Amino acid sequence: METKIFQPNEIDEAAAAIRAGQLVAFPTETVYGLGADATNEAAVKQVYIAKGRPSDNPLIVHVTGEDTVKKYAEPLSDKAEALIKAFWPGPLTLIFKLQPGALSKAVTGGLNTAAFRNPANQVTLDLIKSAGVPLVGPSANTSGKPSPTLAKHVYHDLNGKIAGILDDGPTKVGVESTVLDMSTDIPTILRPGGVTEEQLEAVIGTVQSNHHKVGKGEIPKAPGMKYKHYAPNAQVTIVDDEADWPAALAWAAQQPGTIGVMALDHTLANETLPANTEAFSLGADMASASHRLFAGLRHYDLESPVTGILAQGFAAEGLGAAYMNRLNKSAGQQHFEK
C-alpha cells in the first residue's frame, strides 16, 4: 500500500484510520511516533511488525491528560500528580503500575506497568481526541535507526508499511522524552530526555538516574534500554574533547570516502576541515545540538551518504545527559582516541 501524507486539516481522516485498526505516524514535540489504538491488541502487534521491533520492548501510551491514565493505572501518588501538573503536556513519560488486565501485554511488554505521556503537540492531541482512544507511539522509524524528526524520515523507513503520516513539520525538541519510573520506591530515570534530572528533583525531591540499561534476560520497562538504537548506516565516532578535533580531523583525512562531521558552529569555524569531509552544524549550543542530532544522522543516511561520522560529545549533565545517551547508543559506545 502507498502511505498517505495527512495534513493537519485531515485529522479526522487519520483518526478514522486509527479506529479501523491501521497505523498512522503522528508528530510530537520530541520525535514522530508510530500510532495505533492502544486498546486494540491486533493493531498494537502491527506496530512491532512495521518497525521490526522486539516485542519485549514496551510501548509508550499517548494521552490527552491524566483522566485517561486513571482509567488504566493504579491510583496516582501525590508525587505523580505534582509531576503531571508541572510537566504535562511535555517531554516526560511516567511509568505507573496498572490495574489488573487494563492493557494488553502487547503494550506493556508483559509487565504489570505501562508508560504514559501527554505530548505537547496540538495536532496530535486533536488526533487522539478525534480517535477517541489512547495511542501507542514508539518512534516512527525502522527499529534501531535514528528517530524521525520530519515526516520524510518516517516515509523513508515506513512507506508501504503503514496507512499514513500526519505531517506537522519539524519536531521542536529532537530527542525523545524523559522516562521516569514511578512504580519504584524511589522514582528512577530509565531514559534521560527533554526534562532534566534537576527539573524533576525541583518538583518531587530525590530521583535515581543510573539505570539506563538492562541485563541479559531482563525485560526493559522503557524503550531504548536494551537494544542498539539510533544507528545510521555509517559508523559514528564521538569526539569528546574540543582539543581532540585536530587529531580526529587528521584521522578523517586518511580515510577512504567522505567523513561526516557533526559539531557546533564554533567548532566548525575554528577547525580546518579536510577536503573529504562534509559538515553538519549542530547549532550554537547544547539545546540546538539535541534538537539537531537525529536530523544530522538522518542527513548522512538520506541526503549525503558518508563512510563514517565524527560527532561532537558533551558532558552528560542536564540536557547533555539525553544527548549523550542517544549519541552513545548511535555510536555503539565508540569514542575517538588519539
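Values below: every heavy atom of this structure, side chains too, minus hydrogens, waters and symmetry copies. Numbering of residues begins at 1 and proceeds along the displayed sequence. Note that the structure is predicted; figures quoted are calculated from it, not measured.
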If two hydrophobic side chains count as joined below 4.5 Å and joins carry through other members, does [X] share a cluster with [Y]?
{"X": "I49", "Y": "V136", "result": "no"}
{"X": "L268", "Y": "V239", "result": "yes"}
{"X": "F336", "Y": "M262", "result": "no"}
{"X": "V173", "Y": "L327", "result": "yes"}
{"X": "L76", "Y": "L103", "result": "yes"}

Regarding [X] and [Y], is there a side-chain donor-to-acceptor distance under 3.5 Å anywhere?
{"X": "Q312", "Y": "T267", "value": "yes"}
{"X": "E176", "Y": "S139", "value": "no"}
{"X": "S177", "Y": "T93", "value": "yes"}
{"X": "D12", "Y": "S130", "value": "yes"}

More than 12 non-hydrogen atoms from neighbouring residues, nucleotides or ligands closer than 6.0 Å to [atom1] on [X], yes or no?
{"X": "K129", "atom1": "NZ", "answer": "yes"}
{"X": "E303", "atom1": "CD", "answer": "yes"}
{"X": "D78", "atom1": "CG", "answer": "no"}

So which atom in [X] and which in [Y] form the shortest heavy-atom distance, rounded to 0.1 Å?
{"X": "E271", "Y": "P246", "answer": "OE1-CG, 3.7 Å"}
{"X": "A50", "Y": "L158", "answer": "O-CD2, 3.5 Å"}
{"X": "L249", "Y": "P274", "answer": "O-CG, 3.3 Å"}
{"X": "S288", "Y": "L282", "answer": "OG-O, 2.9 Å"}
{"X": "H153", "Y": "P148", "answer": "CB-CB, 3.5 Å"}
{"X": "V63", "Y": "N118", "answer": "O-ND2, 3.2 Å"}

Euclidean distance, [Y] [atom2] relative to [X] [atom1], rounded to 0.5 Å:
{"X": "T30", "Y": "H291", "atom1": "OG1", "atom2": "NE2", "value": "10.5 Å"}
{"X": "D168", "Y": "Q7", "atom1": "CG", "atom2": "CD", "value": "9.5 Å"}
{"X": "I165", "Y": "F6", "atom1": "CD1", "atom2": "CZ", "value": "9.5 Å"}
{"X": "Q22", "Y": "T3", "atom1": "CD", "atom2": "OG1", "value": "10.5 Å"}
{"X": "L94", "Y": "T178", "atom1": "CG", "atom2": "OG1", "value": "10.0 Å"}
{"X": "L127", "Y": "E10", "atom1": "CG", "atom2": "CD", "value": "12.5 Å"}

Checklist line | For Q208, the option from D185, T188, T184 that meets side chain to side chain donor-acceptor pair (under 3.5 Å) | finding: T188

Checklist line | Among R298, K145, K51, side chain to side chain donor-acceptor pair (under 3.5 Å) partner for D157 | finding: R298

Within the structure provided, determine whether [X] and [Y] are in side-chain contact (heavy-atom separation under 4.5 Å).
{"X": "E2", "Y": "N159", "value": "yes"}
{"X": "L83", "Y": "I204", "value": "yes"}
{"X": "P256", "Y": "T307", "value": "no"}
{"X": "D167", "Y": "P27", "value": "no"}

Notebook entry, point to check: Is the Y323 ring parallel, tilted or perpendicular to the F314 ring (thresholds 30°, 60°)?
Noted result: perpendicular

Note to self: Can you tell me how the ring of Y72 sits relative to the ring of F116, calling it parallel under 30°, perpendicular over 60° and tilted otherwise?
What the structure shows: parallel

Notebook entry, point to check: Going by an N to O cut-off under 4.0 Å, is there a salt bridge joining K338 and D241?
Noted result: no

Side-chain donor/acceptor of [X] to backbone N/O of [Y], under 3.5 Å:
{"X": "Y300", "Y": "F280", "result": "yes"}
{"X": "Q99", "Y": "E74", "result": "no"}
{"X": "T28", "Y": "T124", "result": "no"}
{"X": "R19", "Y": "A14", "result": "no"}
{"X": "W88", "Y": "L92", "result": "yes"}

Checklist line | I84 and V69: CA distance, side-chain angles, deciding distance, side chain to side chain contact (heavy atoms under 4.5 Å, CB included) verdict | finding: CA-CA 11 Å; I84 288 171; V69 176; 5.6 Å; no

